[in-house]
Structures are given as C-alpha cells and as structure tokens.
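Taking it in order: structure first as structure tokens, then the write-up.
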Amino acid sequence: MNEKIRVLIPEEDIQKRIAEVGAALSRDYEGKEVLMICVLRGGVFFACELAKHITVPLSMDFMCVSSYGSGTVSKGTVKIIKDLDENIEGKHVLIAEDIVDSGNTLSTLIKLLKVRKPASVKLCTLLDKPERRVVDIEADYSCFKIPDEFVVGYGLDYDQHYRNLPYIGVVELNEEA
Ligand code: IMP
Ligand code: MG
C-alpha cells in the first residue's frame, strides 16, 4: 500500500477515555436500562469496549447503514443495509458510532429511530470532526474532537483496511509511489 499511518491517538489514551465516558454514562443512566445500538461496521470496536465500562443493565443491537453518494463525502440519504433485531419502543437507546463527520448519517439515523418511539435516543461517538459538519448535530457524548484529517483504526477504515489498528492514525499518502 502506498500510504503511511501516523499515530494521532495512542491506544492507552483511547482506553482511558472510553473508561471515563463509560463511567459518565453509567452515572447518567443510573436506574435505567440501556439499549446500545452499534453502527456497523466502524462502530464495532468502540461499542464493544464502551459496553464493558457501563455498569447499568445493557443490551446490544446492531445496525448497518450506508450513506448514499460516492467517495468520502456522505449525502443526506441513508440506506439501511441491516436493520435492528429488537423493537426499540419505550427503550433508552444509546447509539455508539465511530465518527461524526458531516453529520448526515447520524442525523438521518436518529430521525429514523425516533419514529420507532424509543423512550430516549442519545449519541455517543468515539471521534468528532466539528470542522466538517454540514448538519446541525452534536453528540451527547464524544471521546475525542479531532482536526479535519482522514483517520483510520479502532474500527475506522480506508478502503476497508486498517480497522484492526488498536490506535487512531492519520493516513498519509506517499506522493512518490
Ligand atoms: P458523516 O459524514 O458524518 O455522515 O459520516 C459518514 C461516515 O463516513 C462515518 O460514519 C464514517 O464511517 C465515515 N468517515 C468519516 N470520516 C472518516 C475518517 O476520517 N475515516 C474513516 N471513515 C470516515
Ligand atoms: Mg460509521
């Protein structure tokens, strides 16, 4: 491959921050039960790690969505590739997502889920790129705000590669290659 990966957030920092956010969620959801929705595929590493740090009763469900449109810019339309198995009516839904970039995917997904009448819907994201936002959406819980750079690792991919990196890295394209 003609690219190099520069470490942006080391593994230890990610672990520490997820534990902190998990503790905050455990406090905020005290006395309630959480239905964590993991957004496939990128959110899977984050959701699994975060779930381990949540102490209130929790169940997990998985949804796979894709944003219409080509390249790296998502559009406002979201296609459900795999829907939830559970009925979310009356449940406290917590979405675990890898990154909020333009915000298109999440804002559409949240609207779609609200139609199903959950008791509440909150968004928890590992990464947030506020500079890229085109839709007015803010995560209820965000682990790291990052600059406008294309990142991989901890679930995030570049052309389906690098999801398994235990850290977050920036893709640097090798110009000469
Ligand atoms: P949106 O632009 O907020 O709708 O984000 C759409 C999706 O683009 C995210 O869920 C990620 O899967 C992907 N994405 C956005 N930024 C990055 C990045 O820096 N690296 C890898 N995937 C990204
Ligand atoms: Mg995603």
Side-chain angles (χ1 to χ4, degrees), residues 1-11 13-15 17-18 21 25 35-51 60-84 88 93-116 121-175:
M1 268 173 256
N2 293 330
E3 64 263 356
K4 280 203 283 194
I5 310 297
R6 168 169 53 85
V7 177
L8 182 69
I9 311 172
E11 183 176 6
D13 295 11
I14 300 174
Q15 301 298 332
R17 183 70 184 126
I18 293 179
V21 172
L25 284 161
L35 173 58
M36 181 184 279
I37 295 182
C38 167
V39 185
L40 299 172
R41 296 175 222 175
V44 72
F45 288 71
F46 174 54
C48 293
E49 193 56 37
L50 181 65
M60 292 177 85
D61 202 350
F62 299 83
M63 191 164 188
C64 186
V65 296
S66 89
S67 309
Y68 277 143
S70 61
T72 52
V73 183
S74 76
K75 302 274 167 55
T77 329
V78 164
K79 185 175 161 195
I80 299 178
I81 310 287
K82 181 221 169 292
D83 207 339
L84 298 170
I88 64 169
V93 166
L94 177 67
I95 303 171
E97 174 61 308
D98 52 358
I99 189 164
V100 184
D101 188 33
S102 71
N104 276 323
T105 308
L106 266 305
S107 70
T108 312
L109 182 61
I110 289 168
K111 274 185 216 143
L112 219 139
L113 292 176
K114 282 188 172 163
V115 173
R116 302 182 187 184
V121 182
K122 296 230 156 140
L123 169 60
C124 183
T125 186
L126 176 63
L127 304 175
D128 184 4
K129 273 193 218 171
E131 287 167 47
R132 296 258 303 172
R133 205 74 93 252
V134 299
V135 181
D136 185 22
I137 177 176
E138 210 170 321
D140 300 283
Y141 302 86
S142 155
C143 294
F144 299 96
K145 289 204 192 316
I146 60 164
D148 181 11
E149 290 186 289
F150 195 82
V151 291
V152 292
Y154 222 87
L156 291 127
D157 75 300
Y158 173 56
D159 208 9
Q160 295 308 324
H161 291 104
Y162 305 117
R163 289 192 198 275
N164 57 320
L165 295 178
Y167 55 86
I168 298 291
V170 176
V171 180
E172 293 186 334
L173 296 176
N174 199 340
E175 304 280 315

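Remember, it's 1-based here, ligands and their atoms both numbered in the order they're listed. In what follows, every heavy atom counts, from backbone to side chain, and hydrogens, waters and symmetry copies are set aside.
- For atom 20 (N) of ligand 1, the nearest non-hydrogen atom from the set Thr108, Ile146, Val135, Val151 belongs to Val151.
- Qualifying side-chain contact (heavy atoms from CB on, under 4.5 Å) partners for Leu173, counting only residues two or more places apart in sequence or in other chains: Glu3, Tyr158, Val171.
- Judged purely by atom type and a 3.5 angstrom limit, Asp140 uses its side chain to pair as donor or acceptor with the backbone of Leu123.
- Ligand 1 does not have Leu106 within reach: every non-hydrogen atom of the residue lies 4.0 Å or more from it.
- Interatomic distance, CG of Leu109 versus CD1 of Ile80, reported as 7.5 Å (0.5 Å rounding).
- Nearest-residue assignment for atom 11 (C) of ligand 1 (options Asp159, Leu40, Ile99, Ile137; heavy-atom criterion): Ile99.
- Counting heavy atoms closer than 4.0 Å to ligand 1, residue Asp157 contributes backbone atoms (N, CA, C, O) but none from C-beta onward.
- The ligand atoms of ligand 1 that sit less than 4.0 angstrom from a heavy atom of Leu156 are 20 (N), 21 (C), 22 (N).
- Between Glu138 and Val100, every side-chain heavy-atom pair lies at or beyond the 4.5 Å cut-off.
- Ligand 1 has no atom lying under 4.0 Å from any heavy atom of Arg133.
- Atoms of ligand 1 found under 4.0 Å from any heavy atom of Ser102 (numbered from 1 in listed order, with element): 1 (P), 2 (O), 3 (O), 4 (O).
- Put simply, part of Asp98 is less than 4.0 Å from ligand 1, judged by heavy atoms.
- Side-chain contact between Ile95 and Val121 is present, with heavy atoms from C-beta onward closer than 4.5 Å.
- Against a heavy-atom cut-off of under 4.0 Å, Glu149 is close to the following atoms of ligand 1: 19 (O).
- The environment of CD in Glu172 is crowded: more than 12 heavy-atom neighbours from other residues, nucleotides or ligands sit within 6.0 Å.
- When only interatomic distances are considered, the shortest N/O to N/O separation between Gly103 and ligand 1 falls below 3.5 Å.
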Show me the donor-acceptor pairs within less than 3.5 Å that the side chains of residues 142-151 make with the rest of the protein, sequence neighbours left out.
from   : atom 1 : to     : atom 2 : distance (Å)
Lys145 : NZ     : Asp128 : OD2    : 3.4
Glu149 : OE2    : Arg6   : NH2    : 3.0

Could you go through Phe46 and Leu127, starting from their C-alpha distance and side-chain angles, then the distance that decides it, and tell me whether this counts as side chain to side chain contact (heavy atoms under 4.5 Å, CB included)? CA-CA 10 Å; Phe46 174 54; Leu127 304 175; over 6 Å; no
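- Near Asn104, with a cut-off below 4.0 Å to any heavy atom, the atoms of ligand 1 are 3 (O), 4 (O).
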For side chain to side chain contact (heavy atoms under 4.5 Å, CB included), just list the numbers for Leu113 and Met63, CA-CA rounded to whole Å, side-chain angles, deciding distance to a tenth of an Å, and then say yes or no. CA-CA 11 Å; Leu113 292 176; Met63 191 164 188; 4.3 Å; yes
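- For ligand 1 and Thr105, the ligand atoms under 4.0 Å from any heavy atom of the residue are 1 (P), 4 (O), 5 (O), 6 (C).
- Residue contacts with ligand 1, taken as heavy atom pairs separated by less than 4.0 Å, involve Asp101 via backbone and side-chain atoms alike.
- If you look at Arg132 next to ligand 1, there are no close heavy atoms at all, none under 4.0 Å.
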